[in-house]
Amino acid sequence: MPGKAFYVTTPIYYVNDAPHIGTAYTTVLADVIARYRRALGDDVWFLTGTDEHGQKAAEAAEKRGLTPRAHCDELSQRFRDTWAPLQISYDVFIRTTEPRHLRVVQAVLDDLWKRGEIYRGTYEGWYHVSDEIFVTEKEIEEKAIDRSKLRRISEDNYFFRMGRQRDAIREAVVSGRLEIRPASRRNEVLGFLEKDLGDLCISRPKSRLSWGVELPFDRDYVTYVWFDALLNYVTGAGYLQDDATFARTWPADVHLMGKDILTTHSVYWPAMLLAAGIPLPRRILAHGWWLVGGTKMSKSIGNVVDPLSYATKFGVDALRWYLVREMVVGQDAEFSDERFRARYDGDLGNEWGNLLSRAVNMIGRFGGGKVPSPALEHGGPSEPRTAAAALLDTLPGLVDDVALHRVGEAAMDLLRAGNRHVDLTQPWKAAKDPAKGSVVADALYTIAETVRVASEVLRPILPTKATDALAQLGVTPSGDLRAALRWGGLVPGTAVVPGPVLFPRVDPPAR
RNA sequence: GCCGGCAUAGCUCAGCGGUUAGAGCGGCGGCUUCAUAAGCCGUAGGUCCGUGGUUCAAGUCCACGUGCCGGCACCA
């Protein structure tokens, strides 16, 4: 009986929006979770992808003189091309236009229709004549839409009996079977569920929108966003295609997303699953926004940060570090050049890279280029050793809580202890005294071992740089993080391999 | 309007009934040279938003006030 895999998802991204800092964050976060789980021994199933149907995609294709298919092929590829350099280790990249997904969507819709969970009704709302789209009252206010361009119209459509599921969803959330994080978001969802929950219009007539999944029970309609987009999470897990895979992967262990689509995932999606008789996901985690100057990045304000420009300038790993370390998962965070440089220079360069340089250099000068044997520990366990042991204890819990910023913080604490140990033991002084050979050996071992352990801890966040750091210590990364964290893993006699500075200064200030 | 959250050092935050309220960054002073002008030590003394209350004891619980933020059904 194969065990249950740890299944982590990002939302599927709408092809008409280019990858930006928000989507990059969600995806990097998912990747870091996936890498930690693998390192801690879990089988992992990591899904991301693109959402490709809908009016905007169809219109954009038309404008470019392309078929929707060709347009989406190109834009979907753009996401893959962004994730590759960011080292995103997804197992599945799903596209909603894949034939297997169409089959799943239609099968679910057909089943719900036959069981009366979907019915035909009338949708009435404000229709924007020139944009050819229905707009909500909220959108009219927020976007200050000219009401003279609106007409009140009604049209026949299909509705999903979402309202029926309200109590069941609420029970799942209250009981914790469906966990919503952070807790403040959980409260919001519960508040939302206090009120009546309406049904959900799930169709559009083909006469207005043809780029979508046809309703199996009425070929004049396509399904509108919800069933099409959300069902990707089960399609990508093998639902109705591969029972063994689906049994191994579903339910999802965590759906990650920005807080803007929390309701969709914590109400609509569970309602759909409950109606379809599919188990609910275990956890939904909504993260915050990246802010610039205290306000959300937006194209209209023109304060959008291009994440890849930082990756180009400082390296992909540095970008991943900033995203993971700077944002308290669930809260908003500031993205600024100053903060980025502080993280790069301070955390990566000064604490980590510099300690690596110190260790490798001192082993070269005072240890003959080989990791010495730690003959004894003077005065009990060193501070780094104690810190490493503590880290081994706390890491799995932090990963379970998706408190990745705290994992990063803990790794820096360990490195700080390492730097303190260097100053405490001062091997360059002890090396002058032939009687203190064992003192030097102990010190050098402890310092190198600190860097090794910290690098192993950091590897899921900064895969390339951590591997580079370990290589300088003559170590091949371990696949088993728990084992790697045990003190004493560095084998005495291992030749260190001095290499380039791990995090060189970027545009250092003139002096 | 209704519901909810937050308000702790210059900045970002931790602390969730009990010794002199903490960390990182920044600032200031000193030490050091193995190292990426990196590191280490010390320090700066902040009405823990305000008022009232509960308690032997309150950033830490309750009420009210002020300020900020979030949610409020078809919006990826």
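Heavy-atom basis, side chains included; hydrogens, waters and symmetry copies ignored. In this text the structure is predicted, and so the values were computed from the model without any measurement. In what follows, chains are A, B, ... by sequence order, proteins preceding strands, each numbered from 1.
Under the Watson-Crick and G-U wobble criteria, each requiring two contacts below 3.5 Å, nucleotide B/rG10 is paired to B/rC25. As the counterpart of B/rG1, B/rC72 is assigned, both hydrogen-bonding distances of the Watson-Crick or G-U wobble pattern falling under 3.5 Å. Nucleotide B/rC56 is matched to B/rG18 when pairs are restricted to Watson-Crick or G-U wobble geometry with both distances under 3.5 angstrom. Under the Watson-Crick or G-U wobble criterion, with both distances below 3.5 Å, B/rG39 is paired with B/rC31. The nucleotide B/rC49 finds its pairing partner in B/rG65, both defining distances of the Watson-Crick or G-U wobble pair being shorter than 3.5 Å.
Within the 4.0 Å cut-off from OP1 or OP2 of B/rC3, not a single side-chain nitrogen or oxygen of A/N187 is found. Taking side-chain N and O atoms only, A/Y224 has a distance below 4.0 Å to OP1 or OP2 of B/rA76.
Applying the 90° criterion around 0 to the glycosidic angle, B/rG27 comes out anti.
Contact annotation for A/G353: base contact, defined as any heavy-atom pair under 4.0 Å involving a base atom. Using a 4.0 Å heavy-atom cutoff across all strands shown, A/D51 reaches no nucleic acid atom at all. Within the nucleic acid shown, A/K195 comes within 4.0 Å of sugar-phosphate atoms alone, with no base atom in reach, counting heavy atoms only. Residue-level contact check: A/L197 touches the bases, meaning some heavy atom is under 4.0 Å from a base atom. When heavy atoms are screened at a 4.0 angstrom cut-off, A/F192 is found touching the sugar-phosphate backbone but no base atom. No engagement by A/G346 is indicated, since no non-hydrogen atom pair under 4.0 Å with the nucleic acid exists. Within the 4.0 angstrom heavy-atom criterion, base atoms lie near A/L502. Residue A/R204 is classed as a sugar-phosphate contact, given heavy-atom separations below 4.0 Å to backbone atoms only. At a threshold of 4.0 angstrom between heavy atoms, the contacts of A/D347 with the nucleic acid are absent.
Remark: the separation of the C1' atoms in B/rA21 and B/rA38 is 32 Å, to the nearest Å. Taking the P atoms as reference points, B/rC56 lies 38 Å from B/rC11, given to the whole Å. For the P atoms, the distance linking B/rA7 with B/rC48 amounts to 13 Å, nearest Å. Separating the C1' atom of B/rU60 from that of B/rC6 is a span of 15 Å, rounded to the nearest Å. Atom name C1', nucleotides B/rG46 and B/rG15: the rounded distance is 15 Å, in whole Å. Between the P atoms of B/rC41 and B/rG5, the separation comes to 41 Å (whole Å). As rounded to the nearest Å, B/rA63 and B/rA9 have P atoms that lie 25 Å from one another. For B/rG24 and B/rC31, the C1' atoms lie 22 Å apart once the distance is rounded to whole Å.
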Pairs under 3.5 angstrom, nitrogen or oxygen only, protein versus nucleotides 27-34 of chain B, please.
from, atom 1, to, atom 2, distance (Å)
B/rC34, O3', A/N361, OD1, 3.3
B/rC34, O3', A/R365, NH1, 3.1
B/rC34, O2, A/R358, NE, 3.0
B/rC34, N3, A/R358, NE, 3.1
B/rC34, N3, A/R358, NH2, 2.5
B/rC34, N4, A/R358, NH2, 2.9

Polar pairs (N or O, both sides) under 3.5 Å between protein and nucleotides 6-15 of chain B?
none

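No close placement of the A/W83 and A/Y90 rings is indicated, their centers lying 6.0 Å or farther apart. Aromatic ring centroids of A/F227 and A/F160 lie under 6.0 Å apart.
Each of B/rA73, B/rC40, B/rG71 was ranked by its minimum atom distance to the side chain of A/E188; first place goes to B/rG71. Of all nucleotides listed (B/rA35, B/rC41, B/rU36), B/rU36 comes nearest to the side chain of A/R505. Across B/rC74, B/rC41, B/rG70, the shortest atom-to-atom separation from the side chain of A/Y268 is found for B/rC74.
With hydrogens and angles ignored, the 3.5 Å screen pairs no side-chain donor or acceptor of A/D156 with any backbone N or O of A/T122. Panel note: side chain A/T50, backbone A/V15; no donor-acceptor pair is recorded below 3.5 Å. Here the side chain of A/W211 pairs a donor or acceptor atom with the backbone of A/E52 at under 3.5 angstrom.
Figure legend: cation-pi geometry between A/R151 and A/W126 absent, as NZ or CZ is not positioned both under 6.0 Å from the six-membered ring centre and within 45° of its axis.
Taking 4.0 Å as the cut-off between side-chain N and carboxylate O, A/R420 and A/D423 do not count as a salt-bridged pair.
Here B/rC72 presents its P atom at 14 Å from CG of A/L190, a figure rounded to the nearest Å. Between the NZ atom of A/K56 and the P atom of B/rA76 there is a distance of 7 Å, rounded to whole Å.
Toward the 5' end of RNA chain B, the nearer of the two residues A/I202 and A/E409, judged by each one's closest nucleotide, is A/E409. Heavy-atom nearest nucleotides on RNA chain B were determined for A/Y123 and for A/W352, and the one closer to the 5' end corresponds to A/W352.
Checked by distance alone, A/N350 brings no side-chain donor or acceptor within 3.5 Å of a matching partner on the base of B/rA38. Between the base of B/rA38 and the side chain of A/N419 there is no donor-acceptor pair shorter than 3.5 Å.
Not counting sequence neighbours, the partners of A/R283 by the side-chain hydrogen bond (donor to acceptor under 3.5 Å, both in side chains) test are A/E179. Under the rule for a side-chain hydrogen bond (donor to acceptor under 3.5 Å, both in side chains), the partners of A/T235 that lie at least two apart in sequence or sit in another chain are A/H101. Under the rule for a ring-ring contact (aromatic ring centres under 6.0 Å, His included), the partners of A/W352 that lie at least two apart in sequence or sit in another chain are A/F503. Applying the side-chain hydrogen bond (donor to acceptor under 3.5 Å, both in side chains) criterion to A/D337, with sequence neighbours excluded, gives A/Y310, A/R341.
A donor atom on one side chain and an acceptor atom on the other are not found under 3.5 Å apart for A/N232 and A/T96.
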